[in-house]
A.B. asks: 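Encoded as structure tokens, here's the structure I'll be asking about.
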Amino acid sequence: QVQPVESGGGLVQAGGSLRLSCAASGRTFSHYAMGWFRQAPGREREFVAAVTWSGGSTYYAVSVKGRFTISRDNAKNMVYLQMNSLKPDDTAVYYCAASVSPVQTMVVVSVESNYDYWGQGTQVTVSS
């Protein structure tokens with residue numbers, strides 16, 4: 001199993017950038033699809049981005065496509081979310097999660113219930 005731990009959140013002005021990191025302990029990290037989800041106050045947690053076990057495929061929510069980039073480094077057990085052109089609507093707690101699903105298509109990795117391990121989250125606040 002893996003235990004994701006997020007870092008890199010903070011306060012940034014609209015139009016700015018942040019890079020979130022997720023350190024995932026465990027010897028089998030490279031077997032997992034990894035995803036980022038977010039939850040804004042009063043709203044349900046939603047899919048942001050995901051990357052397959054090899055890093056060969058990435059998937060994004062429509063709301064962040066073209067602004068956010070997910071990547072992973074299996075040698076370091078790390079996943080990253082580069083967030084550019086941030087908007088106040090991006091304000092949320094961001095969660096890193098790991099999925100053991102052998103099927104790693106968009107239909108699967110965009111669904112919260114398909115993830116098995118979750119981090120505690122990191123707050124991102126975008127001021128206008």
A.B. asks: Return the CZ to OH distance between F68 and Y94, rounded to the nearest 0.5 Å.
C.D. replies: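 Those atoms lie 4.0 Å apart.
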A.B. asks: Side chains of M78 and S21: closer than 4.5 Å at any heavy-atom pair?
C.D. replies: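 Yes. Closest side-chain heavy atoms under 4.5 Å.
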A.B. asks: Does Q39, at its CD atom, have more than 12 non-hydrogen atoms belonging to other residues, nucleotides or ligands within less than 6.0 Å?
C.D. replies: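 Result for CD/Q39: enclosed.
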A.B. asks: Under 3.5 Å, side chain of N114 to main-chain N/O of V108, donor-acceptor pair present?
C.D. replies: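 Checked: pair present.
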A.B. asks: Could you please spell out the steps behind the side chain to side chain contact (heavy atoms under 4.5 Å, CB included) verdict for L20 and Y80?
C.D. replies: CA-CA 6 Å; L20 302 184; Y80 306 99; over 6 Å; no
A.B. asks: Counting C-beta onward and ignoring hydrogens, is there a side-chain heavy-atom pair between C96 and W36 closer than 4.5 Å?
C.D. replies: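 A side-chain contact exists here, since the closest heavy-atom pair is under 4.5 Å.
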A.B. asks: Using modelled atom types only, decide if a donor and an acceptor are shared between the side chain of N74 and the backbone of S54 within a distance under 3.5 Å.
C.D. replies: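 No; judged by distance alone, with no hydrogens or angles, the pair does not exist.
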A.B. asks: Would a line drawn from the ring center of Y59 to the ring center of F47 be shorter than 6.0 Å?
C.D. replies: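 No; F47 has its ring centre 6.0 Å or more from that of Y59.
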A.B. asks: Other hydrophobic cluster members with L11, side-chain heavy atoms of Ile/Leu/Val/Met/Phe/Trp/Tyr under 4.5 Å, chained?
C.D. replies: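 Once heavy-atom contacts under 4.5 Å are chained together, L11 still belongs with nothing else.
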A.B. asks: Where the side chain of E6 meets the backbone of G121, is there a donor-acceptor pair that is under 3.5 Å apart?
C.D. replies: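 Checked: pair present.
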A.B. asks: Check for a donor-acceptor pair, side chain of N77 on one end and backbone N or O of A23 on the other, with a separation under 3.5 Å.
C.D. replies: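 Checking the backbone N and O of A23 against the side chain of N77, no donor-acceptor pair under 3.5 Å is found.
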A.B. asks: Is there a donor-acceptor pair closer than 3.5 Å between any side-chain N or O of T52 and the backbone N or O of S57?
C.D. replies: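 Indeed, once roles are kept as given, a pair shorter than 3.5 Å links the two residues.
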A.B. asks: Do the side chain of R45 and the main chain of V93 share a donor and acceptor less than 3.5 angstrom apart?
C.D. replies: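 Side chain of R45 to backbone of V93, a donor-acceptor pair under 3.5 Å: no, none is there.
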A.B. asks: Side chains of D90 and R38, heavy atoms from C-beta outward: is any pair under 4.5 Å?
C.D. replies: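 Yes - at least one pair of side-chain heavy atoms lies under 4.5 Å apart.
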A.B. asks: Rounded to the nearest 0.5 Å, what separates atom CD in Q104 from atom CE in M34?
C.D. replies: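 One finds 11.0 Å between CD of Q104 and CE of M34.
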A.B. asks: With heavy-atom distances below 4.5 Å as the criterion, would you say the side chains of V79 and F29 are in contact?
C.D. replies: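 Side-chain contact under 4.5 Å: yes.
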A.B. asks: Kindly say whether T91 contributes a backbone atom to a donor-acceptor pair with the side chain of T125 at under 3.5 angstrom?
C.D. replies: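 Side chain of T125 to backbone of T91, a donor-acceptor pair under 3.5 Å: no, none is there.
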A.B. asks: Closest approach of S30 and W53, non-hydrogen atoms and distance?
C.D. replies: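 The answer is O-CB, 3.1 Å.
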A.B. asks: How long is the straight-line distance from CD of E112 back to OG of S99, given to the nearest 0.5 Å?
C.D. replies: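 Interatomic distance, S99 OG to E112 CD, rounded to 0.5 Å: 12.0 Å.
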A.B. asks: Rounded to the nearest 0.5 Å, what separation is found between the CZ atom of R72 and the OG1 atom of T58?
C.D. replies: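 With rounding to 0.5 Å, CZ (R72) is 12.0 Å from OG1 (T58).
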A.B. asks: Check the hydrophobic clustering (I, L, V, M, F, W, Y; side-chain heavy atoms under 4.5 Å; chains of links allowed) and say if Y95 and L86 are grouped together.
C.D. replies: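 No.
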A.B. asks: Does the Y115 side chain pair with the main chain of A33, one donor and one acceptor, at a distance under 3.5 Å?
C.D. replies: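 Such a contact is absent between Y115 side chain and A33 backbone.
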A.B. asks: About how many Å separate CD of Q3 and SG of C22, when rounded to the nearest 0.5 Å?
C.D. replies: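 If I round to the nearest 0.5 Å, the distance is 9.0 Å.
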